[in-house]
2 protein chains.
Amino acid sequence: MVNSENTKAQMRKGVLELCILSILSQGDAYPTEIIEKLKETKLVVVEGTLYPLLTRLKNTGLLNYRWEESNSGPPRKYYMLTEIGETYLKELHLSWYELVDAVNKTITKK
Amino acid sequence: MVNSENTKAQMRKGVLELCILSILSQGDAYPTEIIEKLKETKLVVVEGTLYPLLTRLKNTGLLNYRWEESNSGPPRKYYMLTEIGETYLKELHLSWYELVDAVNKTITKK
DNA sequence: ATTTAGTACCTTGCAAGACATAGTACTAAA
DNA sequence: TTTAGTACTATGTCTTGCAAGGTACTAAAT
């Protein structure tokens, strides 16, 4: 009935894009690596979420990728920020801080 | 192509529930009033979003409502938190702070 | 008395997106 | 030549935000 997990998942939505672009701004990475990094900070994302999202970001020109051989499995698709992506990320940073501010104002009011 | 508005909207998703429950924890309110309060803190929500959400929260037992006459228009549906809603809100508070922490960790890493 | 404006609540249909599930393919070790 | 591990992809479902349109009540203006 009351499903807290569901809402937590909802809260994660929307900030995923921000987090993924942030991770890529720290250096190129392939999907599995991105998932690992997100997990480190308790933001669990699964493949079925990440792959379509990366494709979307690539199609809108925010990301690019290159194939790179691996010596322990199939080749990896390394994603990187484009120049547009860099600019966009700065905007998202702002939006994020604005959101945090707005929510905190709302939930701390007494 | 690159649509920042869309992502901002995405970021708002999920925290709406938290904000609405928070507002109601400060006192009973009717939908139009809730929208006003959210607008004050820059969280713009429209009717088509709010009404179904309130109904959902009521159906899961987090909210209740009572009708109250108005002297300037039709009667108002005042929503209030149930006991379950109170408990649930505390959980959401925690989840929110965890999320903020996780995202901040991710986006400030260099 | 009828119209108009303001307030308030409700419903329908669409689109976006997260995720579960299942599948393909490559490598290396057993 | 299996088996396990890694990696990428595709499909279908479900939730949910929102635009758009609608109903209904009150009070002031015509």
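From a predicted model like this one, the values you see are computed outputs, not experimental measurements. Just so it is clear: chains get the letters A, B, ... in the order the sequence lines come, proteins before strands, and each one is counted from 1.
Ionic pairing of B:Lys39 and B:Glu36 is present here: one or more N-O contacts between side-chain nitrogen and carboxylate oxygen are shorter than 4.0 angstrom. Ionic pairing of A:Asp101 and B:Lys42 is not present here: no N-O contact between side-chain nitrogen and carboxylate oxygen is shorter than 4.0 angstrom.
The distance from atom CD of A:Glu47 to atom P of D:dG5 is 15 Å, rounded to the nearest whole Å. Regarding A:Leu99, its CG atom lies at a distance of 15 Å from the C1' atom of D:dG17, rounded to whole Å. We find that CD of A:Glu17 is positioned 11 Å from C1' of C:dG17, with the value rounded to whole Å. Across the protein-nucleic acid pair, B:Asn71 atom CG and C:dG6 atom C1' stand 14 Å apart, rounded to whole Å. Following rounding to the nearest Å, B:Leu16 (CG) and C:dG17 (P) show an atom-to-atom distance of 16 Å. Distance A:Leu57 CG to C:dA18 C1': 14 Å, rounded to the nearest Å. The nearest whole Å value for the distance from the CZ atom in B:Arg76 to the P atom in C:dC9 is 8 Å. Rounding to whole angstrom units, CD of residue A:Glu69 and C1' of D:dC8 are separated by 14 Å.
For the pair A:Leu92 and A:Tyr88, the minimum side-chain heavy-atom distance is below 4.5 Å. Using a 4.5 Å heavy-atom cutoff, the side chains of A:Leu21 and A:Tyr79 are not in contact.
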Dot-bracket pairing map - DNA chain C, Watson-Crick plus G-U, both contacts under 3.5 Å, | cross-strand: ||||||||||||||||||||||||||||||

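Residue whose closest nucleotide on DNA chain C sits further toward the 5' end, between A:Ser70 and B:Pro75: B:Pro75. Nearer the 5' end of DNA chain D, as judged by each residue's closest nucleotide, is the contact made by A:Pro52, out of A:Pro52 and B:Gly48.
Applying the 4.0 Å criterion to OP1 and OP2 of C:dC9, one finds that B:Thr32 has a side-chain N or O inside that range. At D:dG17, none of the side-chain N or O atoms of B:Thr49 fall inside 4.0 Å of OP1 or OP2 (strictly under the cut-off). Phosphate contact (OP1/OP2 of D:dC8, side-chain N/O of A:Tyr30, threshold under 4.0 Å): absent.
A:Leu24 approaches A:Ala29 most closely through the heavy-atom pair CD2-N, 3.7 Å. Nearest heavy atom pair, residue B:Ile20 against residue B:Leu38, reads CG1-CD1, 4.3 Å.
In the set C:dG17, D:dA7, C:dC10, the nucleotide with an atom closest to the side chain of B:Tyr51 is C:dC10. Comparing C:dT7, C:dA20, D:dT16 against the side chain of B:Arg56 picks out D:dT16 as the nearest. When the nucleotides D:dC18, C:dC26, C:dC9 are ranked by their closest atom to the side chain of A:Pro74, C:dC26 comes out on top. Closest approach to the A:Pro31 side chain among C:dC9, C:dA8, D:dC8 is made by D:dC8 (side chain taken as heavy atoms from C-beta onward).
A distance-only check finds no donor-acceptor pair linking the side chain of B:Thr41 to the backbone of A:Lys105 [under 3.5 Å].
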